Amino acid sequence: MILNHQQEIAVKHKDGPILVLAGAGSGKTRVIVNRINHLICFAGVPAWQILAITFTNKAANEMKERIHSMAGPEVRLTIGTFHSICAKILRVEHQHLQVHANFTIADEADQVARIKKAMAESGVNPDKITGKQLITAISKAKNRFESPSSMKENASGNPFLQTVADVYEIYERGLRADHALDFDDLIIKSVMLFRQEPAILEKYQNRYRYIMIDEYQDTNSAQYEWVQLLGQRYRNIMAVGDDDQSIYRWRGAEVSNILNFARDFPGAKVIKLEQNYRSTQVILSAASALMSHNIHRNPKNLWTEQKDGDLIIRTIWPTDRSEAEAVGRQITSLVEKKGRKFGEMAIFYRINAQSRLLEEIMHSFQIPYRVVGNISFFKRKEVKDLLAYMRLVLNPFDSGACRRIINVPRRGIGKTTIEILEKEALKRNLDLFSTIESISDSGLLTDNKLKNILKFHELILDLIHFERTHRANEFIDYMIDVTGYREMFESEMSTEARTSLEIIEEFENTVAEFSDREESRLADFADYLSLYSESDDDQTEQKRDLVQLMTLHNAKGLEFPVVFITGIEENLCPLIRSDTSLDPAEIEEERRLLYVGMTRAMEKLFLFAARQRFLYGRPIQQQASRFLAEIPDKCIEDQSMTMERNFKSPVTELSLRSDYKTGDRIRHPSWGLGTVLHCIGSGPQARLTIRFDRFGPKKILAGPANLTRMH
DNA sequence: ATTAGCGTGCTTTTT
DNA sequence: GCACGCTAAT
């Protein structure tokens, strides 16, 4: 395809910083791929000097493929996520850190387990502070480069921070003892390495002279500094992103990074890609109108050469079930009457819990589907067990891995034996695995038990030995047999054991596939498993003609001819947790999330909501989302009335009858002056969200509040 | 030492 | 509606 003018400028840009503000569907990936190709084939840049960073492995793989098909399969450049690139650097430079080269990467489950342990150890009351809160707080501290000790000093008087600091300290100690790094560490340790070792920094600066970062709006502060450090020497940085598609603020992404790029890199060229090649005019107008309600953004003017296309169908259903059935009916009729393929359609929702009902309905309509990014494989205990074996073999210091599989399958090593081992490990300041050797002459264990653990020890040593001389797939096959892991299920005839065997086989297939195309060391495979989530793999599914179900977050970067977005209701989309007051910035992020969902649609878009929804097992009365009222009527065909005659759509109510609107100034008898952020309904029943000048945002009911309107 | 059964409590999104 | 964690029973 021919590039448009703006795309061409970006593609042909060679030296110096450049920011590409790429609106939804504006051919962002095309620009990156073409520029890389241009650098290699026309600008004389050696491929190995190019570094391309993406946020998901899926994006990285896709980019790799496209570059290889364009510039030739032999070009070798570095493409990967921040995390995988950092992991590779840290393994090479490990001697400058306090870890050995085979450090394990603590995945999410591992992290949760460690936090729980640390909580128990420091005597935190789990009713008061949840593990999740601690993980978030610790992650924030880490990304500020704050150590547990400095956190302790700064926490004086704040009991919450005090607790966080305590848990943080134990958590860190645990990671270090096991030679493990968590996701945050991968980035942070790399930054610290760059900061402290100028020679190493220089080495990588010279190596990666051309840096490209996709989804720049999703970078967090540590990643930002990483880019600054690595890029400051040659300043050949291309940042590509869209502030309107920033949906990861909650995990530290800072939109300001993209908004301030031109300031951070003086002389940066700024290119705006505003022509949309994906959606119809109607869809694009609707999405743009929605986004215009956000205040904190770069205004942009997306346009398309495409015709108007079909109106967006907006329907409020009485229940979540009827909503799901409507999706099923529509899909069936689009296939039967319009010749659509299942694979051309996708269903989006805000939270994973919504998928179950949809799955049930798809099933009863006999619609082939798949759920993207669903738990399953990587959370299966079989996969975790096998992964633990791998980790222990690669890194015998990993006591967590050791503990997990020391008695799986049964080896007669029970809780008490493990407790004795752990106490001894703590006393001697050793890891679990080496404790096994040194405990033999201590007389702490009976001969029988000693025999059992020594046998286990020997088993692992044998695996370590085997690993050195074999490929990952050979090792895994060997491991599964020699540990008796497969046999454990083979001897059982239950259906559960049968699925376990299937999982094991799937695991073997994964290695086999991996060994086929990548380096085939076990260590690489372990990284692959730790850093790659399953939502990353195959877009081959699209070819298998299945309707795809996914969360709005997972929809980013994809496109479908037909899109259904379900559950566009207050408190669900935007999602508002009951315990938190609603922060305007969070509402803006929710709006961006819906925007991302809408802009995935090429031709047909359905926006659905329900008045009653089952959530956490109970029926909850829902109201249409404020976002629905923000989409202009001219883009919409509202089917609520025809579908259900005796029900008046709250959307109509919402958009037509409101005493207050966003921006109105009011006075409250006790809270004082404030600005209306949002209003649902009218009269005394109206539910208002007001940001008070002195007290911040509050939700109130208009009736009892006795508000005065200011002019 | 292992398992089964029951109650609790929690639910966003992910590298 | 679910997963998880705890307890109690074998």
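The chains referred to below are lettered A, B, ... by the order of the sequence lines, with proteins before strands, and numbering in each begins at 1. In this text, all values refer to a predicted model and were calculated from it rather than measured experimentally. Because only heavy atoms are used, hydrogens play no part in the values below, and waters and symmetry mates are left out as well, while side chains stay in.
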A/Glu569 side chain to A/Ala610 main-chain N or O, any donor-acceptor pair under 3.5 Å?
-> yes

In whole angstrom, give the distance that lies between atom NZ of A/Lys88 and atom C1' of B/dT15.
-> 15 Å

Take atom CG of A/Leu615 and atom P of B/dT11, then tell me their distance rounded to the nearest Å.
-> 14 Å

Given B/dT12, is OP1 or OP2 found less than 4.0 Å from the side-chain N or O atoms of A/Lys132?
-> yes

Check whether the ring centres of A/Tyr248 and A/His553 lie less than 6.0 Å apart, and answer yes or no.
-> yes

Using a 4.0 Å heavy-atom cut-off across all strands, classify A/Phe55 as base, sugar-phosphate, or nothing.
-> sugar-phosphate

Would you mind telling me which of A/Asp185, A/Leu230, A/Leu90 makes a side chain to side chain contact (heavy atoms under 4.5 Å, CB included) with A/Ser190?
-> A/Leu90

So does A/Arg592 pair up with A/Glu589, basic N to acidic O under 4.0 Å?
-> yes

A/Tyr248 near the nucleic acid: base, sugar-phosphate alone, or nothing, with a heavy-atom cut-off under 4.0 Å?
-> sugar-phosphate

Round to the nearest Å and state the distance from A/Phe183 atom CZ to B/dT14 atom C1'.
-> 8 Å

Would you indicate, yes or no, if B/dC10 has its OP1 or OP2 atom less than 4.0 angstrom from a side-chain nitrogen or oxygen of A/Arg618?
-> no

How many Å lie between CD1 on A/Ile247 and P on B/dT12, as a whole number?
-> 16 Å

Should we say atom CD of A/Glu487 is surrounded by more than 12 heavy atoms from elsewhere, each under 6.0 Å from it?
-> no

Across the strands shown, which category fits A/Leu575 at heavy-atom distances under 4.0 angstrom: base, sugar-phosphate, nothing?
-> base

On DNA chain B, check which nucleotide each of A/Gln223 and A/Ile413 is closest to and give me the residue with the more 5' one.
-> A/Ile413

Using the P atoms only, state how far B/dT13 lies from C/dC4, rounded to an integer number of Å.
-> 15 Å

Separation of B/dT12 atom C1' from A/Leu594 atom CG, nearest Å, is 15 Å

When the distance from NZ of A/Lys189 to P of B/dT15 is rounded to whole Å, what number comes out?
-> 22 Å

Atom-pair distance (OH on A/Tyr349; C1' on B/dT11), nearest Å = 15 Å

Nearest to side-chain heavy atoms of A/Arg356, which nucleotide of C/dC2, B/dT2, B/dT13 | C/dC2

Please determine if a side-chain N or O atom of A/Arg350 lies less than 4.0 Å away from the OP1 or OP2 oxygen of B/dT13.
-> no

Note: A/Arg114-A/Asp178 ion pair, threshold 4.0 Å (strictly below) | yes

Nucleotide nearest A/His553 when distance is taken to its side chain, options C/dG5, B/dT15, B/dT13 | B/dT13

A/Asn554 vs B/dT14: side-chain N/O to OP1/OP2 distance below 4.0 Å = yes

B/dT13 phosphate, OP1 or OP2: any side-chain N/O from A/Asn352 under 4.0 angstrom?
-> yes

Looking for any heavy atom pair under 4.0 Å, which part of the strands does A/Asn407 touch: base, sugar-phosphate only, or nothing?
-> sugar-phosphate

Check the distance between B/dT13's P and A/Glu586's CD and give it to me in whole angstrom.
-> 15 Å

From C/dG5, B/dT3, B/dT15, nucleotide with atom closest to A/Arg410 side chain = B/dT3

